[in-house]
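Source: prediction; values computed, not measured. Naming convention: chains lettered A, B, ... in sequence-line order (proteins, then strands); numbering from 1 in each chain.
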Protein chains: 2
Amino acid sequence: MLLTPKIESFVMHCGEMGSRWGFNRTIGQIMGLLLMSEQPLSAVDLSETLNISRGNVSMAIKELQSWRLVSVIHKPGDRKDYYAPAGDIWELANRVFEERRKREMDPTLSLLRASIIDEPANAEEAYAQDKMAEIHDLLETITVWASELQSMSPEKLTTLMKLGSGVVKVLEFKDKVLKSGNGK
Amino acid sequence: MLLTPKIESFVMHCGEMGSRWGFNRTIGQIMGLLLMSEQPLSAVDLSETLNISRGNVSMAIKELQSWRLVSVIHKPGDRKDYYAPAGDIWELANRVFEERRKREMDPTLSLLRASIIDEPANAEEAYAQDKMAEIHDLLETITVWASELQSMSPEKLTTLMKLGSGVVKVLEFKDKVLKSGNGK
DNA sequence: TTAAACTTTCAATAATTTCTGAAACTTTAA
DNA sequence: TTAAAGTTTCAGAAATTATTGAAAGTTTAA
């Protein structure tokens, strides 16, 4: 399967960015190619198009499945597995966020919770525990917020994002209306 | 400088998480230790406490400065450089977000913009360009939103985050009040 | 069954990233 | 000046991570 220069450069870019996005080059390239392809692709298609060994493709697909980013498709009368992106761009981005939050924040939250509970052994540790509590609270606020945002419908979320910092105005407006409403 | 077990385990955790957070083990440990320390620490303090070579500390500090996460402090009558976190936890988290956004999204946005402008060479490329446009729009919306959030004061932002998905209610409330207000 | 078609696993190797330590460089007090 | 106190650089070594490819495993049609 031959790629046009534009598609190829996108796919290679995904490979280069792979490690920054939390996976590796192979995984990045494969995801990039699946996104660009209207038809689902087999492991052999991926292996040949990207010049990647069959075994590496298999491991990469497994990893992409653990991120819930690709799904398997079967064609009638063909026993090969074909792969395609598991949902639209929006869903995929959501899954990446969620998975990275799990990997990048959850372990730290656990450690901090455990470290904060018991009494400080000395003044130095008391300071450290205060800082840990600060970090914990920030991470927790972000985690809770992120999961609430993810539970919103894409439409609501888009409205909110398009509103941007204008949301402040709306919050002030609400306060004003409520205050003028109750004559206390 | 000897660390209590709790502080040590936090610092080592930061080292292990380092690469997931966008830097490496040494950088993670150093940032962790600086966060836990009430006093600024010198390069030698860091090197000895963490058993890291002097050269490695120097490179790590340079990297942390490029992320704007540590600042240099000079004590009167002492020509050593001392290092401390550059701001409170909130500011630090902001800088990490911003820096990562730059590294993880901006290059892709540039590539996508460039790929989308010219005419598709064939049907296959037309499909790919549509997808690229979708990805571009999503990344751009997120980028713009993130930078607007970062421009908000920490208090407003905390209010907004604490409100969580309840923000939807406020948006609906606004629409209702405005609608009932103008009798069109 | 069985053998063809396909997938997965994993030990060995390659590639990449990180770390060390010695040498070069800079600054400052005397 | 100069030498002591400090910092930075960078080539090579060590550690980590990614990749291959051959062998083992699985599924299905006949």
Side-chain angles (χ1 to χ4, degrees), chain A residues 1 11-34 40-67 70-84 103-104, chain B residues 1 11-34 40-67 70-84 103-104:
Chain A
M1 220 178 67
V11 172
M12 293 303 129
H13 174 85
C14 291
E16 284 152 28
M17 297 298 283
S19 54
R20 296 194 195 174
W21 294 339
F23 17 84
N24 64 32
R25 184 177 21 181
T26 303
I27 294 175
Q29 288 183 354
I30 289 181
M31 194 66 223
L33 182 52
L34 290 178
L41 301 175
S42 71
V44 173
D45 294 335
L46 294 168
S47 169
E48 289 178 354
T49 307
L50 301 171
N51 288 301
I52 287 168
S53 77
R54 197 54 201 72
N56 197 5
V57 169
S58 172
M59 289 191 300
I61 293 283
K62 209 170 128 194
E63 180 73 5
L64 281 169
Q65 284 173 327
S66 88
W67 283 71
V70 304
S71 43
V72 183
I73 286 172
H74 285 106
K75 297 187 180 180
D78 182 343
R79 59 204 249 213
K80 272 215 263 313
D81 287 353
Y82 289 84
Y83 304 97
R103 297 173 189 216
E104 296 173 11
Chain B
M1 222 176 68
V11 172
M12 292 305 128
H13 174 85
C14 291
E16 283 154 28
M17 297 298 284
S19 53
R20 295 194 196 174
W21 294 338
F23 17 85
N24 64 32
R25 180 172 29 171
T26 303
I27 293 176
Q29 288 183 354
I30 289 181
M31 195 66 223
L33 182 51
L34 291 177
L41 301 175
S42 71
V44 173
D45 294 335
L46 294 169
S47 169
E48 289 177 353
T49 307
L50 300 172
N51 288 301
I52 286 169
S53 76
R54 196 57 199 70
N56 197 4
V57 169
S58 171
M59 289 190 300
I61 293 282
K62 208 169 128 195
E63 180 75 4
L64 281 169
Q65 285 173 326
S66 89
W67 284 70
V70 304
S71 43
V72 183
I73 286 174
H74 285 105
K75 298 186 180 181
D78 181 342
R79 60 203 249 212
K80 270 215 268 309
D81 286 355
Y82 289 84
Y83 304 96
R103 297 175 189 217
E104 297 173 11

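- Residues B:S19 and B:N24 bring no donor and acceptor atom of their side chains to less than 3.5 Å of each other.
- Put simply, CG on B:L64 is 15 Å from C1' on C:dT18, counting in whole angstrom units.
- Atom pair A:Q29:CD and D:dT19:C1' shows a separation of 12 Å (rounding to whole Å applied).
- Looking at heavy atoms from C-beta onward, A:W21 lies out of side-chain contact with A:M31 at the 4.5 angstrom threshold.
- As a whole-Å value, the separation of B:R25 CZ from C:dT17 C1' is 11 Å.
- If you measure from atom NZ of B:K80 to atom P of D:dT7, you get 7 Å, rounded to the nearest angstrom.
- Rounding to whole angstrom units, CG of residue A:N51 and C1' of D:dT19 are separated by 13 Å.
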Check: Can you give one letter per nucleotide of nucleotides 21-30 of chain D, 5' to 3': B if a protein heavy atom sits under 4.0 Å from the base, S if only from the sugar-phosphate, - if neither?
Finding: B-----B---
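- Between the side chains of B:D45 and B:S42, at least one donor N or O sits under 3.5 Å from an acceptor N or O.
- Taking only side-chain nitrogens and oxygens, B:K62 comes nearer than 4.0 Å to OP1 or OP2 of D:dT9.
- Atom CG of A:L50 is separated from atom P of D:dT20 by 11 Å (rounded to the nearest Å).
- Between D:dT19 and A:N24, a contact under 4.0 Å exists linking OP1 or OP2 to a side-chain N or O.
- Atom C1' of nucleotide D:dA5 and atom CG of B:D78 are separated by 10 Å, given to the nearest angstrom.
- Put simply, CZ on A:F23 is 17 Å from P on D:dT17, counting in whole angstrom units.
- Side-chain contact between B:Y82 and B:L41: absent, with no pair of heavy atoms (C-beta onward) separated by less than 4.5 Å.
- Put simply, the side chain of B:V57 does not reach to within 4.5 Å of the side chain of B:L50, judged on heavy atoms.
- Side-chain contact between A:Q29 and A:M12 is present, with at least one heavy-atom pair separated by less than 4.5 Å.
- For B:K75, the NZ atom is densely surrounded, since the number of other residues' heavy atoms within 6.0 Å is greater than 12.
- Taking the side chain of A:S58 as heavy atoms from C-beta on, and the options C:dT9, C:dT20, D:dT8, the nearest nucleotide is C:dT9.
- Nucleic acid contact for B:T26: sugar-phosphate only, since backbone atoms but no base atoms lie under 4.0 Å from a heavy atom of the residue.
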